[in-house]
Trainee: 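Below you will find the structure I want to go over with you.
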Amino acid sequence: MNQTLTLALSKGRIFEETLPLLEAAGIVVTEDPEKSRKLILPTSDPAVRVVIVRASDVPTYVQYGAADFGVAGKDVLLEHGGEGLYQPIDLDIAKCRMSVAVPAGFDYASAVRQGARLRVATKYVNVAREHFAAKGVHVDLIKLYGSMELGPLVGLSDAIVDLVSTGSTLRANHLVEVEQIMEISSRLVVNRAALKTKREKLQPIVDAFDRASRPEK
Ligand code: PRT
Ligand code: MG
């Protein structure tokens, strides 16, 4: 039986923060994606390779079985919908929060109270739609793919829904966080078929990730 495993990761914080979990499973990635142009990286385990994809593409690769497992933010998983994915563990990495932010001086509370129609720019249209619907706030959602912070500065929108970690990006653009929608961290996602056909190889790695992601237990 073919027990070769492909792990999908995105470059940057998810790659960096997954490395210690891989090491806990006895796997060392032997090339640095920031230095190499390769999209398929070997590891110290000949039966495990890493593919480097866009953060928002991780669930798609795993859903279709092009990768057996991957690591993706809750933000990305909520927008993707999670079809075909088994999500066994919250890895507690790449943590941040999803928030509503507005220009300093914009009276968000009274705009919401007066039932004004709010223009909201965001990459996270599904989460934003649900959030404002639950509050009974009328919104026009404007889909962006990045640099949401610019929206209110150039009159594209009244507000944004974006990820915040230190808050320095908001501050640098004179925006203030007015509402926290949810806490975000990254999860391990596993292809449902691979979980059955490659269990022997996959389960010990999932278990090692689980133990390493909650060292208190
Ligand atoms: O960058 P690219 O367009 O390729 O994709 P991506 O932005 O989805 O990938 P990446 O690697 O930047 O983020 C991967 C995952 O990390 C996200 O899906 C989140 O789950 C998680 N994460 C954790 C974050 C942050 N923290 C974060 N701070 N993702 C993005 N940010 C951005 C945020 O969008 C904002 O622009 O950082 C800025 C805010 O940071 P502070 O520290 O200034 O508040
Ligand atoms: Mg990014």
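For ligands, and for the atoms within them, numbers begin at 1 and follow the listed sequence. Heavy atoms only: backbone and side chains are in, while hydrogens, waters and symmetry mates are out.
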Trainee: Donor-acceptor check, side chain of T6 to backbone of A67, threshold 3.5 angstrom: yes or no?
Mentor: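 No, because the side chain of T6 does not come within donor-acceptor range (under 3.5 Å) of the backbone of A67.
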Trainee: Name the option, out of S165, A101, S10, S147, that contains the heavy atom nearest to atom 28 (N) of ligand 1.
Mentor: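 That would be S165.
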Trainee: E130: which residues meet the side-chain contact (heavy atoms from CB on, under 4.5 Å) condition with it, sequence neighbours left out?
Mentor: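 side-chain contact (heavy atoms from CB on, under 4.5 Å) check on E130 returns nothing, list empty.
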Trainee: I'd like to know if R119 pairs up with D140 as an ion pair, taking the criterion as any Lys NZ or Arg NE/NH1/NH2 lying under 4.0 Å from an Asp or Glu carboxylate oxygen.
Mentor: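 Looking at R119 and D140, the cut-off is not met.
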Trainee: Okay, side chain of K143, backbone of K123: is any donor-acceptor separation there less than 3.5 Å?
Mentor: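 Yes: the side chain of K143 pairs with the backbone of K123.
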Trainee: Taking atom types as modelled and ignoring hydrogens, do the side chains of S99 and E177 form a donor-acceptor contact shorter than 3.5 angstrom?
Mentor: yes
Trainee: Taking only heavy atoms of I14, which atoms of ligand 1 are found under 4.0 Å from at least one of them?
Mentor: 14 (C), 15 (C)
Trainee: Is there a polar contact between ligand 1 and K74, counting only N or O atoms under 3.5 Å apart?
Mentor: no
Trainee: Just jot down the ligand 1 atoms closer than 4.0 angstrom to any heavy atom of V76, in number order.
Mentor: 18 (O)
Trainee: For ligand 1, indicate whether the residue V164 contacts it via side chain, backbone, both or neither (heavy-atom separation under 4.0 Å).
Mentor: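 It is both parts that get close, each with some atom under 4.0 Å.
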Trainee: Is there a path of hydrophobic side-chain contacts, each under 4.5 Å between heavy atoms, that joins L91 and V50?
Mentor: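 Cluster IDs for L91 and V50 match.
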Trainee: Can you figure out which of S99, A55, C96 has its heavy atom closest to atom 26 (N) of ligand 1?
Mentor: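 Comparing heavy atoms across S99, A55, C96, the nearest one to atom 26 (N) of ligand 1 lies in C96.
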Trainee: Is the shortest distance from a Lys or Arg side-chain nitrogen in K198 or D68 to a carboxylate oxygen in the other one below 4.0 Å?
Mentor: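 Yes, K198 and D68 are salt-bridged.
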Trainee: For ligand 1, is G146 a contact, meaning one of its heavy atoms is under 4.0 Å away?
Mentor: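 No; G146 lies far enough from ligand 1 that no heavy-atom distance drops under 4.0 Å.
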Trainee: Salt bridge check: are E179 and K135 linked by an N-O gap of less than 4.0 Å?
Mentor: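 K135 and E179: salt-bridged.
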Trainee: Should one rank K123, K11, K95 by closest heavy-atom distance to atom 11 (O) of ligand 1, which comes out on top?
Mentor: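 Minimum heavy-atom distance to atom 11 (O) of ligand 1 goes to K11.
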Trainee: Quick check: does S56 get an N/O under 3.5 Å from an N/O on ligand 1?
Mentor: no
Trainee: Go through ligand 1 atom by atom and flag the ones less than 4.0 Å from a non-hydrogen atom of T169.
Mentor: 38 (C), 39 (C), 40 (O), 41 (P), 43 (O)
Trainee: In ligand 1, which numbered atoms sit nearer than 4.0 Å to a non-hydrogen atom of G73?
Mentor: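 Ligand 1 atoms under the 4.0 Å threshold to G73: 20 (O).
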Trainee: Below a 4.0 angstrom heavy-atom separation, can you tell me which part of I184, side chain or backbone, both or neither, approaches ligand 1?
Mentor: side chain
Trainee: Is G167 close to ligand 1, meaning an N/O of one under 3.5 Å from an N/O of the other?
Mentor: yes
Trainee: What do we get for D75 next to ligand 1 when only non-hydrogen atoms under 4.0 Å count, side chain, backbone, both or neither?
Mentor: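 Only the side chain of D75 comes within reach of ligand 1.
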Trainee: Which atoms of ligand 1 have any heavy atom of T166 under 4.0 Å away?
Mentor: 41 (P), 42 (O), 43 (O), 44 (O)
Trainee: Strictly below 4.0 Å, N to O, side chains only: are D32 and K35 in salt-bridge contact?
Mentor: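 A salt bridge is present here (some side-chain N lies under 4.0 Å from a carboxylate O).
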Trainee: Verify the cluster assignment for V62 and V29: are they in a single hydrophobic cluster under the rule of side-chain heavy atoms below 4.5 Å apart?
Mentor: no
Trainee: Out of R54, R187, M98, M148, who gets a non-hydrogen atom closest to atom 4 (O) of ligand 1?
Mentor: R54
